[in-house]
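Residues take their numbers from the sequence shown, with the count starting at 1. These numbers come from a predicted model, not from an experiment. All values below were derived from every heavy atom in this structure, side-chain atoms included, with hydrogens, water molecules and symmetry-related copies excluded.
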Amino acid sequence: MFKALARLLVPLTSIAALVVVFMLVAPNGASGDERNAFTAVARDRYLFGGNAILNEPVSGNVQVYRGSVTVANVVHGDLLVIGGEVNFIGAGAVDGNLIYAGSMVKDAGDRVRGHIYPLASLRGAAASMNQSAVVATLLVVWLLAAVAVTLMNGREVRFSSLEARSSSLYCFVVGLVALTSFVLTAIAFSYLVPYVIGIPLLGALGIFAIVTKVYGMIAVFHAVGSLIAAPRSRDQLARRKWLRGDLAMVVIGMLVLGALRFVPGVGTLVWGLASVLGFGVALGTKFGRREPWFLEFRRAEA
């Protein structure tokens with residue numbers, strides 16, 4: 001029973017992500033004076049299909065889609081509103097830029113320290129695309145790294161992907177333990193920084209964490225691509241000329257997760273969960289080698 005649930009973790013997570021994406025693409029609008037709460041992701045705030053009041057200061061950006069917002073406190077980042085109204089009351093102010101599309105801005109005055117311009121303008125489009133451009137650049141880097149690693153270690157990536165699909169819950173728990181151990185070890189090494197040995201220890205730990213993260217995410221790409229597009233039988237594999245092989249599965253999985261990364265809130269959550277799973281897969285399979293990390297105990301033979 002437990003193993004069956006573990007095998008279903010990745011498919012159920014993918015289905016849940018698609019359902020959430022559909023809900024975000026076609027949100028239900030609020031009626032009357034109904035007030036909805038913002039969705040918080042790190043320092044940023046998001047609102048889809050509703051009205052809300054910003055009563056507390058926001059250290060990051062605020063994005064409102066198909067809804068109205070009343071700014072009653074300070075937004076230290078940018079404010080993006082599409083398809084709604086923007087009202088300022090009390091101490092409401094925006095330290096960054098105010099970008100709007102199909103919206104009405106009221107009582108802005110000197111409350112916006114940056115610029116106010118429509119999304120359709122060149123400057124508005126550039127400002128709204130800054131964050132998306134950074135995400136797109138990182139995804140291109142991920143794609144290049146995934147292709148390179150898969151071409152050099154396709155067999156190992158396939159083994160790790162199989163482990164991610166068959167023992168998802170186990171790998172996720174291993175990833176949580178591994179991330180906690182990395183953080184605690186980094187804290188311990190930081191106390192040695194005043195001494196000569198602290199800096200190389202932190203450097204070695206950082207390099208190992210980056211290698212683990214990169215390989216683990218590529219294995220997760222392969223797992224997602226296999227769940228979506230892998231052939232289900234030998235006959236189907238024989239009939240295919242495209243969408244076959246480890247590299248195809250990695251690219252498909254990377255494109256799917258990359259598309260989710262652009263969805264506010266959902267992308268951060270999905271990639272965070274994928275990172276934890278990737279850490280667990282990389283360490284649980286010893287980077288696809290399926291070997292024990294330490295020497296196995298063997299009884300002495302007479």
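- A heavy-atom distance below 4.5 Å is found between the side chains of Ile187 and Val183.
- For Asp95, the side chain to side chain donor-acceptor pair (under 3.5 Å) partners are His76, Arg113, not counting sequence neighbours.
- For Arg111, there are no salt bridge (Lys or Arg N to Asp or Glu O under 4.0 Å) partners, not counting sequence neighbours.
- Linking ILVMFWY side-chain heavy atoms closer than 4.5 Å, directly or via other members, places Ile210 and Ile199 in a single hydrophobic cluster.
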Full working for side chain to side chain contact (heavy atoms under 4.5 Å, CB included) between Val147 and Val250: CA-CA 8 Å; Val147 171; Val250 168; over 6 Å; no
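- Rounded to the nearest 0.5 angstrom, Leu260 CG and Leu255 CG are separated by 11.0 Å.
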Take Thr285 and Phe159 through the side chain to side chain contact (heavy atoms under 4.5 Å, CB included) test and state the conclusion after the steps. CA-CA 8 Å; Thr285 62; Phe159 286 160; over 6 Å; no
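- Counted within 6.0 Å of CG on Leu184, heavy atoms from surrounding residues, nucleotides or ligands total more than 12; the atom is thus considered enclosed.
- Rounding to the nearest 0.5 Å gives a distance of 10.0 Å between CG of Leu247 and CD1 of Ile252.
- Shortest non-hydrogen contact noted between Asn97 and Asp78 is N-OD1, 2.7 Å.
- Under the 4.5 Å side-chain heavy-atom criterion for grouping Ile, Leu, Val, Met, Phe, Trp and Tyr, Val173 is not connected to Leu273 through any hydrophobic cluster.
- To the nearest 0.5 Å, atoms CH2 (Trp142) and CD1 (Ile218) are separated by 6.5 Å.
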Side chain to side chain contact (heavy atoms under 4.5 Å, CB included), that's the test. Do Leu201 and Leu205 meet it? Break it down for me. CA-CA 6 Å; Leu201 286 176; Leu205 180 65; over 6 Å; no
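- Rounded to the nearest 0.5 Å, atoms CG (Leu80) and OH (Tyr46) are 10.0 Å apart.
- For Tyr215 (side chain) and Val149 (main-chain N/O), no donor-acceptor pair under 3.5 Å exists by modelled atom type.
- Proximity of a side-chain donor or acceptor of Asn73 to a complementary backbone N or O of Leu54 within less than 3.5 Å is not detected.
- In terms of the side chain to side chain donor-acceptor pair (under 3.5 Å) criterion, residue partners of Asp246 (sequence neighbours excluded) are, by chain and number, Arg158, His222.
- Rounded to the nearest 0.5 angstrom, Asn61 CG and Asp44 CG are separated by 4.5 Å.
- The side chain to side chain donor-acceptor pair (under 3.5 Å) test applied to Thr212 returns no partner, not counting sequence neighbours.
- In terms of hydrophobic clustering, with Ile, Leu, Val, Met, Phe, Trp and Tyr side chains grouped at heavy-atom distances under 4.5 Å, Met217 and Ile207 are assigned to a common cluster.
- When hydrophobic clusters are built by joining Ile, Leu, Val, Met, Phe, Trp and Tyr residues whose side-chain heavy atoms come closer than 4.5 Å, directly or via intermediates, Leu269 is grouped together with Leu179.
- Every residue two or more places apart in sequence or in another chain that forms a side chain to side chain donor-acceptor pair (under 3.5 Å) with Ser275 is listed here: Lys213.
- Val281 approaches Ala164 most closely through the heavy-atom pair CG2-CB, 3.6 Å.
- A pairwise comparison of heavy atoms in Ala274 and Val220 identifies O-CG2, 3.8 Å as the closest pair.
- Closest non-hydrogen pair, Glu85 versus Ser68, comes out as N-OG, 3.0 Å.
- No continuous path of ILVMFWY side-chain contacts below 4.5 Å connects Ile89 to Leu98, so the two sit in separate hydrophobic clusters.
- Taking the six-membered ring where the residue is Trp, Phe208 and Phe182 present tilted rings, their angle falling between 30° and 60°.
- Judged as a salt bridge (Lys or Arg N to Asp or Glu O under 4.0 Å), and not counting sequence neighbours, Arg155 has no contacts.
- Note that the CZ atom of Arg261 and the CE atom of Met254 stand 11.0 Å from one another [nearest 0.5 Å].
- When all heavy atoms of Phe287 and Ser160 are compared, the closest pair comes out as C-OG, 4.0 Å.
- Shortest non-hydrogen contact noted between Leu202 and Ala186 is CD2-O, 3.6 Å.
- The closest donor-acceptor contact from the side chain of Ser161 to the backbone of Val157 lies at 3.5 Å or more, if one exists at all.
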